[in-house]
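Heads up: the structure comes next, in structure tokens.
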Amino acid sequence: MKSEPFKYSWDDLVSEGEGTWDGVRNHRAKNNLAAMEVGDQAFFYHSREGLEIVGICEVSVAGITDPTDPEGKWAAVKVKPKSKLPCPVTLKQVKAEPKLADCELVKYSRLSVAEIKADEWSIICSMAGI
DNA sequence: GCCAACGTTGGC
DNA sequence: GCCAACGTTGGC
């Protein structure tokens, strides 16, 4: 899950305890949101500034409709911060890893919610020092 | 600040 | 229903 830190950063999520992931207006991203279940984990990525994965959050509420959408067509989830990465993983590192060349974060850089596959997850975790 | 990628819009 | 024009996003 990507966010611009000057709009909503990892620290903001930590201080609030729980955050609603809404405002997504892209169908692919929406599908990814809709596929999430309670307990699923997600990386928190800082876009525009930082350009790195900084932490892991966990879905606390899934399958809700976006409160910012008057038509109720778009999806949203709520997430809680789980842990901060021992070493943040930068976009540069992700791009430099051939095994991650096909991940949505690289392929569809404009996607605000990108899918991370199980093997990609463990690769990034080991890069993060977990 | 620039540009590539992508989505949306509107004329036909 | 196609496609050119335009707007937005995000990395550089």
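Side-chain atoms are counted along with the backbone in the values below, which use heavy atoms only and exclude waters and symmetry mates. Given the structure is predicted, the values throughout are model-derived calculations rather than measurements.
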Identify the two heavy atoms, one from A:K107 and one from A:A101, that lie closest to each other, and give their separation to 0.1 Å. CG-O, 4.3 Å
What are the two closest non-hydrogen atoms of A:A62 and A:M36, and how far apart are they? CB-O, 3.4 Å
Distance col, row A:K117:NZ vs A:I124:CD1, nearest 0.5 angstrom, shows 11.5 Å
Sequence neighbours left out, cut at 3.5 Å: what donor-acceptor pairs do the side chains of residues 17-24 of chain A make with other protein atoms?
| residue | atom | partner | partner atom | Å |
| --- | --- | --- | --- | --- |
| A:E18 | OE2 | A:S60 | OG | 2.6 |

Whether A:D66 and A:R25 form a salt bridge (side-chain N of Lys/Arg under 4.0 Å from carboxylate O of Asp/Glu) is what I want to check. yes
Note: A:V113 and A:N32 closest approach over all heavy atoms is O-ND2, 2.8 Å
Nearest 0.5 Å, please: how far is NZ in A:K2 from CG in A:L111? 7.0 Å
Just the table, please: protein N/O against nucleotides 2-6 of chain C N/O, every pair under 3.5 Å.
none

Charged N to carboxylate O below 4.0 Å: is that the case for A:R28 and A:E104? yes
Between the first and last five pairs of the helix from B:dG1-C:dC12 to B:dC12-C:dG1, the angle of the axes, rounded to 10 degrees: 10°
Pair A:C57, A:M1 - check side chain to side chain contact (heavy atoms under 4.5 Å, CB included), show working. CA-CA 9 Å; A:C57 49; A:M1 315 181 90; 4.3 Å; yes
Under the salt bridge (Lys or Arg N to Asp or Glu O under 4.0 Å) definition, can you give me all pairs with a residue in residues 81-94 of chain A, not counting sequence neighbours? A:E58-A:K82
Report all interatomic pairs (protein N or O, nucleotide N or O of nucleotides 7-11 of chain C) with separations under 3.5 Å.
| residue | atom | partner | partner atom | Å |
| --- | --- | --- | --- | --- |
| C:dT8 | O2 | A:R110 | NH2 | 3.2 |
| C:dT9 | O2 | A:R110 | NE | 3.4 |
| C:dG10 | OP2 | A:E4 | OE2 | 3.0 |
| C:dG10 | N7 | A:R48 | NH1 | 3.3 |
| C:dG11 | OP1 | A:Y45 | OH | 3.2 |
| C:dG11 | OP2 | A:R48 | N | 2.9 |

Using 4.0 Å as the upper bound for N to carboxylate O, is an ion pair formed by A:K99 and A:E97? no
Going by number, which of residues 21-31 of chain A have a non-hydrogen atom under 4.0 Å from DNA chain C? none
Can you see which heavy atom on A:P86 is nearest to which on A:G129, and at what distance? CG-O, 3.7 Å
